[in-house]
Amino acid sequence: MIQEPEAHEPEGSEEHEPQATRRDADVTESTRANRGWWDRNADEYQTEHGTFLGDDRFVWGPEGLDEVEAELLGPPEELKGKEILEIGAGAAQCARWLAAQGARPVALDLSHRQLQHALRIGGAFPLVCADAGALPFADGSFDLACSAYGALPFVADPRLVLREVRRVLRPGGRFVFSVTHPIRWAFPDEPGPEGLSVSASYFDRTPYVEQDEQGRAVYVEHHRTLGDRVRDIAASGFRLVDLVEPEWPAWNTSEWGGWSPLRGNLIPGTAVFVCERD
């Protein structure tokens, strides 16, 4: 059961900044590190980005592509009564929007603290704290699944997640997920001019790891090339029906980490994969 949020002091607060490196990190280490990172940083994340995300908007990424216009899950009027799984839901803003369309969402996240924020905002739908690589649902439980920057950028074995999502979808079900556009891996994660020069190989798939003084990972992000993503989707039993690369809109003047109007007008920042289960 998800409890109401209380005053939260990050566990294991460290005196020293984590060290950034590039090294291997397996499924177990990645899961442990990222669960801890999101639990420690959920409060700051929601404070910093909550206004942009809103309480009940469905935004696919920092560009501000909204499901109201994109209709990647289908026309809003056709979502009524659909059972939909949101993976990496955070504070469940997307699930809350889906519920407002008459859908029956379930919001799942690895981080208990993120789901406490979902409970704080409210909503009459289930919140589930679980690993996307081991979904606690029966086969064929959902009509649709979605993930806006949830799980896929942080898992060591994306095919494990994709196969789990396929398993819980009904035949003909659609899974739409967004991730950092793979080309961004080659550029520094900076919003200004320094983020416009290639600094690493696009083909280097060595994970980005932040680790403590004992060498334990406290944050892990994994890279897949565009071709890797397509092959992962196909190998997991999905059919890729669309790949959306949102352009930076003129109205969006905000910066979000390495995302900014400067970079967004020159190189893609987000890739949205629209997949269907046959």
Please evaluate residues His112 and Asp39 with respect to the criterion side chain to side chain contact (heavy atoms under 4.5 Å, CB included), reporting the C-alpha separation (whole Å), side-chain torsions for both, the decisive distance (0.1 Å), and the verdict.
CA-CA 7 Å; His112 182 268; Asp39 280 344; 4.2 Å; yes

Do the side chains of [X] and [Y] join up, straight or via other hydrophobic residues, at under 4.5 Å, putting them in one cluster?
| X | Y | answer |
| --- | --- | --- |
| Val106 | Ile121 | no |
| Val244 | Trp97 | yes |
| Leu65 | Val274 | yes |
| Phe137 | Val155 | yes |
| Trp38 | Leu110 | no |

Flag the pair [X] / [Y] as yes when at least one side-chain heavy-atom distance between them is below 4.5 Å, and no otherwise.
| X | Y | result |
| --- | --- | --- |
| Asp204 | His223 | no |
| Phe273 | Ser147 | no |
| Phe177 | Ile87 | no |
| Leu169 | Phe175 | yes |
| Val179 | Arg229 | yes |
| Arg231 | Asp228 | yes |
| Asn41 | Tyr219 | no |
| Glu86 | Ile84 | no |

May I ask you to establish whether Arg57 and Phe52 are in a cation-pi arrangement, using a distance under 6.0 Å from NZ or CZ to the six-membered ring centre and at most 45° from the ring axis?
yes

Closest approach of [X] and [Y], non-hydrogen atoms and distance?
| X | Y | value |
| --- | --- | --- |
| Gly133 | Leu160 | O-CG, 3.7 Å |
| Phe125 | Ala107 | CE1-CB, 4.0 Å |
| Pro62 | Thr270 | CD-OG1, 3.8 Å |
| Ala118 | Gly90 | CB-O, 4.0 Å |
| Arg32 | Ala217 | NH2-O, 2.9 Å |
| Ala25 | Ala156 | O-CB, 3.7 Å |

Centroid separation Trp185 to Tyr208 less than 6.0 Å:
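No, the ring of Trp185 stays outside the 6.0 Å limit from the ring of Tyr208, centre to centre.
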
Below 4.0 angstrom, N of the basic side chain to O of the carboxylate: do Arg96 and Asp55 qualify?
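No, this pair does not count.
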
Begin from the C-alpha positions of Leu72 and Phe58 and carry the test side chain to side chain contact (heavy atoms under 4.5 Å, CB included) through to its verdict.
CA-CA 11 Å; Leu72 300 182; Phe58 193 137; over 6 Å; no

Could you tell me whether the side chain of [X] and the main chain of [Y] form a donor-acceptor pair under 3.5 Å?
| X | Y | value |
| --- | --- | --- |
| Ser178 | Trp60 | yes |
| Glu67 | Leu73 | yes |
| Arg170 | Gly140 | yes |
| Trp259 | Gly269 | yes |

Pairing donors with acceptors under 3.5 angstrom, does anything connect the side chains of Ser111 and Asp109?
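Looking only at side-chain atoms, Asp109 and Ser111 do not form any donor-acceptor pair under 3.5 Å.
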
Gap separating the [atom1] atom of [X] from the [atom2] atom of [Y], nearest 0.5 angstrom:
| X | Y | atom1 | atom2 | value |
| --- | --- | --- | --- | --- |
| Asn34 | Phe154 | CG | CZ | 6.5 Å |
| Arg205 | Arg224 | CZ | CZ | 7.0 Å |
| Glu78 | Asp143 | CD | CG | 12.0 Å |
| Leu162 | Leu152 | CG | CG | 5.5 Å |
| Leu98 | Leu85 | CG | CG | 10.5 Å |
| Arg263 | Phe187 | CZ | CZ | 7.5 Å |

Taking atom [atom1] of [X] as the centre, does the number of heavy atoms from other residues, nucleotides or ligands within less than 6.0 Å exceed 12?
| X | atom1 | value |
| --- | --- | --- |
| Phe203 | CZ | no |
| Arg104 | CZ | no |
| Glu44 | CD | no |
| Glu71 | CD | yes |

Go through the steps to decide whether Asp43 and Arg113 satisfy the test salt bridge (Lys or Arg N to Asp or Glu O under 4.0 Å), and finish with yes or no.
CA-CA 8 Å; Asp43 294 359; Arg113 186 62 182 173; 2.8 Å; yes

Please determine which of Arg216, Gln211, Glu210 meets the side-chain contact (heavy atoms from CB on, under 4.5 Å) test together with Pro18.
Glu210

Going by the side-chain hydrogen bond (donor to acceptor under 3.5 Å, both in side chains) test, name the single residue among Gln114, Arg120, Gln116 that passes it with Gln46.
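Per the side-chain hydrogen bond (donor to acceptor under 3.5 Å, both in side chains) rule, the option paired with Gln46 is Gln114, out of Gln114, Arg120, Gln116.
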
Worked check of side chain to side chain contact (heavy atoms under 4.5 Å, CB included) between Leu144 and Leu79
CA-CA 9 Å; Leu144 299 164; Leu79 298 176; 3.7 Å; yes

Is the ring pair Trp256/His49 parallel, tilted or perpendicular, if the boundaries are 30 and 60 degrees?
parallel

